[in-house]
Number of protein chains: 2
Amino acid sequence: MARPQSPDYDTRRQLILDTAADLIAKEGFAGTSVNDVAAACDISKSLIYHYYSSKEDILFAAMEDYLSDLRLVVSEAVGANGDGETRFRTVVHSLLENYKNAGAKHRVLLQELDRLSGDRRKAIVEGEDEIVGQIAELIGGIAGLGADKSKTRTAMTMLFMGMVNWTHTWFDPDGPINADQLADMATDIFLRGVRG
Amino acid sequence: MARPQSPDYDTRRQLILDTAADLIAKEGFAGTSVNDVAAACDISKSLIYHYYSSKEDILFAAMEDYLSDLRLVVSEAVGANGDGETRFRTVVHSLLENYKNAGAKHRVLLQELDRLSGDRRKAIVEGEDEIVGQIAELIGGIAGLGADKSKTRTAMTMLFMGMVNWTHTWFDPDGPINADQLADMATDIFLRGVRG
DNA sequence: CCTACCGATCGGTAGG
DNA sequence: CCTACCGATCGGTAGG
């Protein structure tokens with residue numbers, strides 16, 4: 001008879017992911033040992049290997065976990081009612097709201113991509129590209145860029161992604177400006193800047 | 001008689017810095033061993049320790065080296081003749097030009113700051129803050145923000161820093177858009193967005 | 001007593 | 001779910 005799965009299985013799996021993301025965000029992937037993760041979870045290193053078969057597996061799972069949240073949030077905002085500018089503004093609010101709640105995973109997603117093997121890196125990059133592609137379509141519509149301007153549209157979109165993705169290095173949601181105010185500021189600057 | 005310093009001393013010191021920056025940008029600080037650096041330089045590990053007394057010393061020196069270039073370039077552009085918008089545009093061109101020539105050191109400066117000890121991290125952050133402060137003054141003038149709007153000015157400046165600092169993740173200077181075109185695009189969008 | 005540089009190895013810790 | 005270990009490699013230093 002197969003031994004039943006622990007009732008804590010999913011909870012513990014998630015704890016490992018969240019804890020690993022915190023440590024990797026602070027110390028880097030190579031600077032975080034599996035033992036560090038185990039100690040912070042108050043479990044043995046061997047138990048970590050019961051849930052994930054390698055350190056890279058943990059990194060990949062943490063990235064997938066957060067990226068799937070982002071994809072959901074962005075496609076909902078993009079597919080909502082309203083004109084392009086309104087939906088764009090909603091996307092920015094959603095992104096910054098999400099970053100606020102998952103700062104460590106966000107930094108890990110942005111900074112540790114090169115630590116994945118080729119196949120897995122490709123899988124993550126594809127997910128990121130789909131998000132960026134949806135935002136690029138919105139921006140293309142707002143800026144009035146035809147299909148012949150795809151290079152310009154891509155560069156514009158990536159300049160915008162920089163504005164929002166860079167926030168993790170300096171923005172404090174509990175500081176003088178909150179996430180919604182920052183989202184409006186970024187939206188206003190960018191829309192005024194690219195409006196056709 | 002004291003034995004003289006090797007005539008290759010400065011050349012070799014610089015080789016270590018540049019090589020270490022390349023490896024650290026790719027593999028992360030903890031993922032790069034002193035031996036990796038030595039092998040890539042075709043010298044012994046012991047010789048690395050003749051030039052730098054610890055791995056962290058190498059990281060710090062590489063960051064200082066690049067940061068001092070950035071500071072020079074930015075303060076020159078900021079202090080040049082011309083109105084605020086012209087000087088701002090020059091800063092953006094200078095920054096992107098510099099990033100292009102020092103991609104690895106740029107990534108290291110942005111990504112490995114937490115690997116430094118407190119004192120050294122503080123020294124680097126102070127240098128970065130001076131650059132950001134100079135750019136913030138330019139932007140404040142352009143956007144017509146008084147001293148009472150310093151929080152807004154800071155947020156605006158950091159949104160802009162995101163646009164340019166994020167380029168290292170996606171921009172290919174040999175791609176369809178060159179560094180000068182991208183600098184103009186970023187400048188145009190941002191200036192139209194914040195102009196008072 | 002200085003600096004330049006090597007082959008070999010130190011005490012500890014990594015992922016597994 | 002743990003302790004006990006491994007082959008290898010880590011950052012840093014010894015003698016000469």
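A, B, ... follow the sequence lines: proteins, then strands. Residue 1 opens every chain. In this text the structure is predicted, and so the values were computed from the model without any measurement. No hydrogens, no waters, no symmetry mates; every other heavy atom, side chains included, goes into these values.
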Sequence neighbours excluded, which residues qualify as salt bridge (charged side-chain N to carboxylate O under 4.0 Å, His left out) partners of D57(B)?
R120(B)
Listed partners of L72(A) passing side chain to side chain contact (heavy atoms under 4.5 Å, CB included), at least two apart
E76(A)
With R87(B) via salt bridge (charged side-chain N to carboxylate O under 4.0 Å, His left out) - residues at least two apart:
none
Under 4.0 Å between a side-chain N or O of H50(B) and OP1 or OP2 of dA4(C)?
yes
Can you pull the salt bridge (charged side-chain N to carboxylate O under 4.0 Å, His left out) pairs that have at least one residue in residues 13-30 of chain B, sequence neighbours excluded?
D18(B)-K105(B)
Compare side-chain N and O positions of R12(B) against OP1 and OP2 of dA4(C) and report whether any pair is under 4.0 Å apart.
no
Measure the distance from CG on N35(B) to C1' on dC10(C) and round it to the nearest whole Å.
14 Å
May I have the distance from R13(B) (atom CZ) to dA4(C) (atom C1'), rounded to whole angstrom?
15 Å
I'd like to check the salt bridge (charged side-chain N to carboxylate O under 4.0 Å, His left out) partners of R192(A); sequence neighbours left out, ordered by chain and number.
none
Using whole Å, report how far CD of E27(B) lies from P of dT9(D).
15 Å
Is D172(B) atom CG crowded by more than 12 heavy atoms from other residues, nucleotides or ligands, each under 6.0 Å away?
yes
Give DNA chain C the dot-bracket treatment, 5' to 3': Watson-Crick (N1-N3 with N6-O4 or O6-N4) or G-U (N1-O2, O6-N3) under 3.5 Å, [ ] crossing, | other strand.
.....|.|.||.|.||
Interatomic distance at P, dG12(D) relative to dA8(C), whole Å
22 Å
Among residues at least two apart in sequence or on other chains, which ones pass side chain to side chain contact (heavy atoms under 4.5 Å, CB included) with A40(A)?
T19(A), L23(A)
Ring pair (Phe, Tyr, Trp, His ring centres under 6.0 Å) pairs touching residues 115-142 of chain B, sequence neighbours excluded, are none
Solution key, residues 124-145 of chain A side-chain donor-acceptor pairs under 3.5 Å, sequence neighbours excluded:
{"unit_1": "E130(A)", "atom_1": "OE1", "unit_2": "R71(A)", "atom_2": "NH2", "d": "2.6"}

Contacting residues from residues 53-64 of chain B, given that a heavy atom lies under 4.0 angstrom of DNA chain D:
S54(B), K55(B)
Distance in angstrom units between Y52(A) OH and dG16(C) C1', rounded:
18 Å
Do other residues, nucleotides or ligands put more than 12 heavy atoms under 6.0 Å from D148(A) CG?
yes
Strictly below 4.0 Å, heavy-atom distances to any atom of DNA chain C: list the hits from residues 40-49 of chain A, or just say none.
K45(A), Y49(A)
What pairs meet the ring pair (Phe, Tyr, Trp, His ring centres under 6.0 Å) rule with one or both residues in residues 108-164 of chain B, with sequence neighbours excluded?
F88(B)-F160(B), F160(B)-F190(B)
Measure CG/L23(A) against P/dG15(C) and give the value in whole Å, please.
12 Å
